[in-house]
> 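I'd like to ask you about the structure that follows.
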Amino acid sequence: RALAASRSSRDITRLRASIPVFVGLLKWSGQVRRKAMGVLLQFLGYSFPIVRQATAQALYIRLLEEAGDFDLRSEDGIGSEVPSDILAEVLELISITPWSTDNEEV
């Protein structure tokens, strides 16, 4: 339900409130984690800089908590693990990207 409400929303308050929910869902494995990560990646591409920035900050902190590889496989084996060296590159990219700007290249 939260997935549908956030995907179609243009309400910044609702979108910002849903970020911690989806970040929290990353603690679960399988399909739940894959869907939550998909929503967060969409939030990083939103037209609202404040949503992009809040998502980047929350995702950065959550990914720092990961020890080793980040498993994005579903229960049926679809997907893969993100190796720790790639995860380090993702963290660097999140940290250097100017999420709070109106820049279309973000």
Side-chain angles (χ1 to χ4, degrees):
R1 184 173 167 123
L3 181 64
S6 63
R7 280 191 174 165
S8 62
S9 180
R10 305 245 344 131
D11 179 359
I12 293 175
T13 304
R14 179 180 283 183
L15 291 169
R16 288 195 65 202
S18 68
I19 292 168
V21 173
F22 290 110
V23 168
L25 290 173
L26 292 177
K27 294 179 181 176
W28 297 93
S29 62
Q31 193 66 20
V32 171
R33 180 180 276 190
R34 288 175 54 85
K35 285 187 177 188
M37 181 59 86
V39 171
L40 291 168
L41 292 175
Q42 286 179 348
F43 282 5
L44 288 176
Y46 255 60
S47 59
F48 305 122
I50 195 162
V51 172
R52 291 194 308 262
Q53 184 177 22
T55 303
Q57 288 174 345
L59 188 57
Y60 183 84
I61 291 167
R62 175 61 185 94
L63 292 176
L64 279 177
E65 296 171 353
E66 281 298 312
D69 300 339
F70 190 70
D71 190 4
L72 287 173
R73 290 179 291 191
S74 62
E75 290 82 11
D76 55 2
I78 296 174
S80 63
E81 285 187 346
V82 178
S84 58
D85 59 328
I86 301 296
L87 192 57
E89 290 179 31
V90 169
L91 287 168
E92 181 180 353
L93 184 60
I94 290 173
S95 69
I96 64 171
T97 302
W99 300 106
S100 62
T101 67
D102 288 331
N103 188 346
E104 294 281 328
E105 294 178 19
V106 172

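Positions are given from 1 along the sequence.
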> Can you find a pair of side-chain heavy atoms, one from Lys35 and one from Val39, that are under 4.5 Å apart?
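With C-beta onward as the side chain, the pair stays apart.
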> What residues, two or more places apart in sequence or in another chain, satisfy side-chain contact (heavy atoms from CB on, under 4.5 Å) together with Ile61?
Glu65
> Once you round to the nearest 0.5 Å, how far does CG of Asp11 lie from OG of Ser18?
9.5 Å
> As an exercise, state the distance from CG of Leu64 to CG of Leu59, rounded to the nearest 0.5 Å.
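Interatomic distance, Leu64 CG to Leu59 CG, rounded to 0.5 Å: 9.5 Å.
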> Could I get the full list of side chain to side chain donor-acceptor pair (under 3.5 Å) partners for Arg62, not counting sequence neighbours?
Glu66
> What is the distance from atom CD1 of Ile19 to atom OG1 of Thr55, rounded to the nearest 0.5 Å?
3.0 Å
> Taking side chain to side chain donor-acceptor pair (under 3.5 Å) as the definition, give me every residue that meets it alongside Ser74, ordered by chain and number, with sequence neighbours left out.
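For Ser74 the side chain to side chain donor-acceptor pair (under 3.5 Å) partners, ignoring immediate neighbours, are Asp76.
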> Looking only at heavy atoms, which two atoms of Ala17 and Pro20 are closest? And how far apart?
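Closest heavy-atom pair between Ala17 and Pro20: O-CD, 3.3 Å.
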> If the plane angle is over 60° it's perpendicular, under 30° parallel, otherwise tilted; pick one for Tyr46 and Phe43.
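Because their plane-to-plane angle is over 60°, the rings of Tyr46 and Phe43 count as perpendicular.
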> Sequence neighbours excluded, which residues qualify as side-chain contact (heavy atoms from CB on, under 4.5 Å) partners of Pro49?
Arg52, Asp102
> Using atom types as modelled, flag every donor-acceptor pair under 3.5 Å from a side chain in residues 22-33 to any protein atom, sequence neighbours excluded.
{"from": "Arg33", "atom 1": "NE", "to": "Leu26", "atom 2": "O", "distance (Å)": "2.7"}
{"from": "Arg33", "atom 1": "NE", "to": "Trp28", "atom 2": "O", "distance (Å)": "3.1"}
{"from": "Arg33", "atom 1": "NH1", "to": "Asp71", "atom 2": "O", "distance (Å)": "3.1"}
{"from": "Arg33", "atom 1": "NH2", "to": "Leu26", "atom 2": "O", "distance (Å)": "2.8"}

> For Ile78 and Arg34, which heavy atoms make the closest approach, and how far apart are they?
O-NH1, 3.7 Å
> Considering residues at least two apart in sequence or located in another chain, which fulfil the salt bridge (Lys or Arg N to Asp or Glu O under 4.0 Å) criterion with Glu75?
none
> Compare every heavy atom of Ser100 with every heavy atom of Gln53, then report the nearest pair and how far apart it is.
OE1-CB, 3.4 Å
> For a quick test of your reading: what N or O donor-acceptor pairs under 3.5 Å do the side chains of residues 84-94 make, sequence neighbours left out?
none

> At their closest point, which heavy atom of Leu44 faces which heavy atom of Trp99, and how far apart are they?
O-CZ3, 3.5 Å
